[in-house]
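Given the structure is predicted, the values throughout are model-derived calculations rather than measurements. In what follows, every chain begins at residue 1, and chains take the letters A, B, ... in the order their sequences are listed.
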2 protein chains.
Amino acid sequence: MNAPIMSQSRCGDCPIRHRAVCARCNADELEALDAIKYYRTYEAGQPIIWSGDVMNFVGSVVSGIASLTQTMEDGRTQMVGLLLPSDFVGRPGREGAAYDVAATTDVVMCCFRKKPFEELMERTPHIAHRLLEMTLDELDAAREWMLVLGRKTAREKIASLLAIIARRDATLTPGGATNRMVFDLPLTREAMADYLGLTLETVSRQISALKRDGIIELEGKRHVTVPDMRRLMEEAGDDSDGGFLG
Amino acid sequence: MNAPIMSQSRCGDCPIRHRAVCARCNADELEALDAIKYYRTYEAGQPIIWSGDVMNFVGSVVSGIASLTQTMEDGRTQMVGLLLPSDFVGRPGREGAAYDVAATTDVVMCCFRKKPFEELMERTPHIAHRLLEMTLDELDAAREWMLVLGRKTAREKIASLLAIIARRDATLTPGGATNRMVFDLPLTREAMADYLGLTLETVSRQISALKRDGIIELEGKRHVTVPDMRRLMEEAGDDSDGGFLG
DNA sequence: TGGTCCGTTTGATCTGGGTCAAGGCTCTGG
DNA sequence: CCAGAGCCTTGACCCAGATCAAACGGACCA
């Protein structure tokens with residue numbers, strides 16, 4: 001609780017490293033961040049922001065998983081992003097939210113009031129710079145996901161999602177990057193379907209198929225073991241291992 | 001040729017307004033931009049950059065259309081972005097390209113050498129700021145497209161693409177935002193299929209269907225008339241008119 | 001004037017994933 | 001200990017869009 005989780009600098013007493021914000025901040029800047037910061041918790045399933053709402057804060061996910069979702073008038077939905085701990089939420093310089101944000105699991109957010117955050121950004125170029133980098137990362141991720149949505153089969157989609165979650169998990173689990181990987185699915189079948197542009201029945205069937213074929217092992221419905229990440233990546237149609245394995 | 005196309009400031013003698021770069025630059029900054037600027041032309045079909053290549057420039061499309069494409073090892077491709085005149089290419093602060101960029105029609109690019117551009121960015125906060133805004137726009141567009149790819153039917157996909165092209169065209173055609181719209185398709189059926197996650201046969205069939213149903217009129221294979229934009233938007237499943245019509 | 005090349009259209013057929021429907025687990029609360 | 005609610009799985013069937021195949025049409029060239 002008092003030992004840093006990461007070796008990076010953190011803003012004030014915040015238990016996570018804000019990737020976007022304070023990786024390179026000095027003491028004064030951290031203090032300024034602390035002054036405009038507050039925490040907020042959401043229960044699993046709760047909305048955090050609705051598309052079009054005025055957002056008066058930006059922030060980072062501290063724990064739990066949040067999702068970004070687009071919705072059509074007739075109710076069809078597509079998840080367009082997953083927010084894992086340390087991911088940034090919000091659009092400096094923008095009034096409203098562009099999509100619905102909801103808590104997929106219980107979520108703790110570290111928020112910064114938007115106006116003062118933007119002012120701080122103005123006079124702190126490296127924060128603006130870091131924010132640009134981070135937005136470029138998100139753009140890359142979004143465009144990679146467009147390939148998944150547009151061209152991959154249901155089985156490849158599932159494998160891609162599992163690979164992403166495993167990889168993200170690994171970055172939070174020191175020394176985790178081996179061939180065998182174990183993690184918990186933070187999403188229901190329905191949420192996976194929303195992310196993958198599938199129905200929950202197809203998600204369920206394909207997970208069963210991957211299990212039958214020995215690509216994954218399941219303990220209960222959520223706890224996943226991948227005996228060999230390379231095989232999973234092949235199933236994802238993604239031999240370029242995304243920089244994940246040596 | 002000597003009269004400005006746009007009423008905005010432009011960098012030096014460049015015939016387009018660089019949305020990202022010089023909308024708010026002063027004379028000194030424009031001069032600095034001019035000093036590191038050069039033009040380059042590409043024929044339709046030519047590659048501009050390959051994914052993974054080191055990019056030593058950033059720039060804007062001056063005329064023509066370029067595409068961003070993701071490719072899988074087995075040859076499946078997904079177009080992840082369209083670059084129309086005034087769109088920005090390149091990733092300040094990044095070494096390599098993340099996707100293939102190719103000229104879809106003949107293209108003229110206005111390029112800035114990357115190193116000096118980044119230096120200029122460092123000491124010119126409003127350029128960095130504008131770049132962030134623009135990247136956020138691209139991110140929004142990418143995420144909107146994820147909904148198209150993941151959840152829309154073939155007919156809706158085609159209608160969405162036509163609506164986007166019409167809208168983009170309108171921004172370049174003063175006074176063009178009426179209900180009736182006329183434009184040329186800058187893409188082959190195959191390129192449309194790549195963008196929409198379909199096959200070219202399906203694209204062709206759905207275009208024929210939209211024509212049969214009177215949503216669009218075709219003169220040759222490329223010249224499109226939309227008698228009533230609202231009907232097209234409905235077909236796109238996108239009643240929120242994207243800020244296009246009053 | 002007639003190839004031939006390339007993008008496009010159209011037809012016939014097949015199939016992956018959607019839809020509808022019926023249970024099966026597992027946790028919670030009475 | 002049972003009932004109910006949420007998820008999840010599995011089966012049967014269907015359809016939108018993929019695949020395979022043929023032919024069209026306009027631009028270019030000999």
d(CD, A/E190; P, D/dC8) in whole Å: 9 Å
SB check A/R168 A/D87 (cutoff 4.0 Å): yes
Nucleotide D/dT10, atom P - distance to CG of A/L200 in whole Å: 13 Å
Ion pair check, A/D74 and B/R151, cut-off under 4.0 Å: no
Rounded distance (Å) that lies between atom C1' of C/dG17 and atom CZ of A/R76: 16 Å
Salt-bridge present (B/D137, A/R91; N to O < 4.0 Å): no
N/O contacts under 3.5 Å, protein versus nucleotides 25-28 of chain D?
none

Any A/S208 side-chain N or O less than 4.0 Å from OP1/OP2 of D/dT10: yes
Touch class at under 4.0 angstrom, heavy-atom based, for A/T188 against every strand present: sugar-phosphate
Under 4.0 angstrom between B/R222 side-chain N/O and C/dG7 OP1 or OP2: no
Integer-rounded Å distance: D/dG17 P and A/K152 NZ: 22 Å
Exceeds 12 heavy-atom contacts within 6.0 angstrom, atom CD of A/E201: yes
All N/O pairs under 3.5 Å across the protein-nucleotides 18-22 of chain C interface:
{"from": "C/dG18", "atom 1": "OP2", "to": "A/T199", "atom 2": "N", "distance (Å)": "3.4"}
{"from": "C/dG18", "atom 1": "OP2", "to": "A/T199", "atom 2": "OG1", "distance (Å)": "3.1"}
{"from": "C/dG18", "atom 1": "OP2", "to": "A/T202", "atom 2": "OG1", "distance (Å)": "2.4"}
{"from": "C/dT19", "atom 1": "O4", "to": "A/R205", "atom 2": "NH2", "distance (Å)": "2.7"}
{"from": "C/dC20", "atom 1": "N4", "to": "A/E201", "atom 2": "OE2", "distance (Å)": "3.2"}

Spacing of A/I207 atom CD1 relative to D/dT10 atom P, expressed in whole Å: 11 Å
Side-chain (A/Q70) to main-chain (A/Y99) donor-acceptor, under 3.5 angstrom: no
Salt-bridge contact A/E235-A/R230 (side-chain N to carboxylate O under 4.0 Å): no
Nearest-angstrom distance from the residue atom CG of A/L218 to P of C/dC25: 15 Å
Scan the side chains in residues 100-108 of chain A for donor-acceptor partners under 3.5 Å anywhere in the protein, sequence neighbours excluded, and list what turns up.
{"from": "A/D100", "atom 1": "OD1", "to": "A/S51", "atom 2": "N", "distance (Å)": "2.8"}
{"from": "A/D100", "atom 1": "OD2", "to": "A/T71", "atom 2": "OG1", "distance (Å)": "3.3"}
{"from": "A/T105", "atom 1": "OG1", "to": "A/I65", "atom 2": "N", "distance (Å)": "2.8"}
{"from": "A/D106", "atom 1": "OD1", "to": "A/A44", "atom 2": "N", "distance (Å)": "2.7"}

Nearest-nucleotide 5' precedence on DNA chain C, A/Q206 against B/R189: B/R189
A/E138/A/R143 salt bridge by N-O under 4.0 Å criterion: no
Spacing between B/K211 atom NZ and C/dT8 atom P, to the nearest angstrom: 13 Å
Length of the line joining B/K157:NZ and D/dA18:C1', which is rounded to integer Å: 12 Å
For A/Q206, the option from A/I158, A/L196, A/L198 that meets side chain to side chain contact (heavy atoms under 4.5 Å, CB included): A/I158
